[in-house]
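Reading through the structure tokens given below for one structure.
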2 protein chains.
Amino acid sequence: MAADRIPPHPDPRDVPLQQVLEALIEPARRTIVEQLSAGPSDIPCGGFDLAISKSTATHHFRVLREAGLIRQYYAGTSRMNSLRREEFDEAFPGLLEAVLWASVREAGLRVPGVA
Amino acid sequence: MAADRIPPHPDPRDVPLQQVLEALIEPARRTIVEQLSAGPSDIPCGGFDLAISKSTATHHFRVLREAGLIRQYYAGTSRMNSLRREEFDEAFPGLLEAVLWASVREAGLRVPGVA
DNA sequence: GTCAAACTTCGATCGGCATCGTACTATGGG
DNA sequence: CCCATAGTACGATGCCGATCGAAGTTTGAC
């Protein structure tokens, strides 16, 4: 079975705020969350646009999963990732929205044309 | 003059999200923000309920100030602190509310009586 | 059965932040 | 003027997390 390889997913309501903030503070991890939030479909670990090694990426995915932010499951040899949006929002209302909003806003400010 | 002793206060809109999260991730600093948010009046550096040394506290106040979260001014020998609620909310809508809400919720869960 | 692809696990390294004690500065009271 | 009060500034220390490479594991394709 493939399910055996899938580590535990805590209920977001059981995750301390401290752990959630620690998960969201790392830029690469925020990028992961942003890309998941932006796209309509789940993304395999290797499908993200990240400038880090595979082993480091694995570490980041684990931190996000243990913080209740993402769900992971296998599809063949690929480990898929999906954002646990609703469940997480129930536990931490407004938090993800605020962080993502600020991220997008900053990304926008870096691009414009006014320079 | 006393004003000379007051370091610069950046506009929250100029503070990167990364810096804000780094400011809010430290428990002692969140405690400071919470106590400011809870009370109706400003609080001097020495008026907080913190289990850390003075020099460490000074460090935390600086980090919060530089993140655009608090305003500091002198009243005699006391350095007063106030939460920059509205200005900060304009720059990071919903963020402070979400963090404070989660904090309060957790604090409540630790006390009850069901245990 | 054999190979390649996709990740994970394990140790080691390295840099940054929280922490503290000590010394220093500014203010106000007696 | 002198002292107490309230913080700040400055190293020094110690820990924790991000990072990587190398080796291991699981799956699917052929």
Side-chain angles (χ1 to χ4, degrees), chain A residues 1-9 15-16 18-33 35-36 41-67 69-82, chain B residues 1-9 15-16 18-33 35-36 41-67 69-82:
Chain A
M1 270 293 255
D4 306 42
R5 297 169 63 197
I6 306 210
H9 288 71
V15 180
Q18 184 66 32
Q19 190 175 345
V20 168
L21 293 177
E22 281 169 2
L24 288 174
I25 204 173
E26 161 58 50
R29 289 197 286 262
R30 268 205 312 282
T31 298
I32 293 172
V33 171
Q35 294 187 17
L36 281 175
S41 55
D42 298 352
I43 306 177
C45 289
F48 290 88
D49 191 15
L50 300 171
I52 54 179
S53 73
K54 269 204 218 179
S55 50
T56 301
T58 293
H59 166 63
H60 288 323
F61 286 117
R62 171 148 58 120
V63 172
L64 287 172
R65 172 169 40 75
E66 293 179 344
L69 277 159
I70 64 171
R71 178 179 298 106
Q72 298 192 288
Y73 60 93
Y74 271 98
T77 62
S78 289
R79 193 171 221 175
M80 303 298 296
N81 303 275
S82 76
Chain B
M1 269 298 258
D4 304 40
R5 296 170 64 197
I6 306 211
H9 289 71
V15 179
Q18 185 65 31
Q19 189 174 347
V20 168
L21 293 178
E22 280 169 3
L24 289 174
I25 205 173
E26 158 58 52
R29 289 196 286 262
R30 267 203 314 280
T31 299
I32 292 172
V33 171
Q35 294 186 19
L36 282 175
S41 55
D42 298 351
I43 307 178
C45 289
F48 291 88
D49 191 14
L50 301 171
I52 53 180
S53 72
K54 269 206 230 178
S55 49
T56 300
T58 294
H59 167 63
H60 288 322
F61 287 119
R62 173 150 58 120
V63 171
L64 288 173
R65 172 169 41 74
E66 292 179 345
L69 278 159
I70 65 172
R71 179 178 296 105
Q72 299 193 287
Y73 59 94
Y74 272 97
T77 63
S78 290
R79 193 172 222 175
M80 304 299 296
N81 302 276
S82 75

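The sequence lines fix the lettering, A, B, ..., with proteins before strands; numbering per chain opens at 1.
Between D:dT19 and A:His60, a contact under 4.0 Å exists linking OP1 or OP2 to a side-chain N or O. Taking 4.0 angstrom as the limit, A:Ser53 places a side-chain polar atom (N or O) nearer than this to OP1 or OP2 of D:dC20. Close to D:dC20, at under 4.0 Å from its OP1 or OP2, lies a side-chain N or O of A:Thr56. Taking only side-chain nitrogens and oxygens, A:Arg29 comes nearer than 4.0 Å to OP1 or OP2 of D:dA18.
Atom CD in B:Gln18 sits about 10 Å away from atom P in C:dC17, given to the nearest Å. The NZ-P distance, from B:Lys54 to D:dT5, rounds to 9 Å in whole Å. Rounded to a whole Å, the CZ atom of A:Arg65 is 12 Å from the C1' atom of C:dC7. Atom CG in A:Leu64 sits roughly 12 Å away from atom P in C:dT8 (whole-Å rounding). In this structure, A:Arg62 atom CZ and C:dA6 atom P are separated by 22 Å, rounded to whole Å. As rounded to whole Å, 15 Å separates atom C1' of D:dT19 from atom CZ of A:Phe61. Distance, A:Gln72 CD to C:dC7 P: 10 Å, rounded to whole Å. The distance between atom CD1 of B:Ile43 and atom P of D:dA6, rounded to the nearest whole Å, is 16 Å.
Heavy atoms of B:Ser78 sit under 4.0 angstrom from primed sugar atoms or phosphate atoms, though from no base atom. No contact: A:Glu22 has no heavy atom under 4.0 Å from any strand.
One distance of note links CD of B:Glu26 with CG of A:Leu21; it measures 11.5 Å at 0.5 Å rounding. Put simply, CG on B:Leu69 and CZ on B:Arg29 are 10.0 Å apart, with the number rounded to the nearest 0.5 Å. Between the CD1 atom in B:Ile32 and the CZ atom in B:Phe61 there is a gap of 4.0 Å [rounded to 0.5 Å].
Between the side chain of B:Gln19 and the main chain of B:Glu66, a donor-acceptor pair closer than 3.5 Å is present.
When the nucleotides C:dT19, C:dC7, D:dA18 are ranked by their closest atom to the side chain of B:His59, C:dT19 comes out on top. Residue B:Ile52 places its side chain closer to C:dC20 than to any other of D:dG7, C:dT8, C:dC20. Comparing D:dT8, C:dT8, D:dA18 by their closest approach to the side chain of A:Tyr74 singles out C:dT8.
Contact of B:Thr77 with C:dG28 (side chain to base): no donor-acceptor pair of N or O atoms is detected under 3.5 Å.
Between B:Gln72 and B:Arg62, every side-chain heavy-atom pair lies at or beyond the 4.5 Å cut-off.
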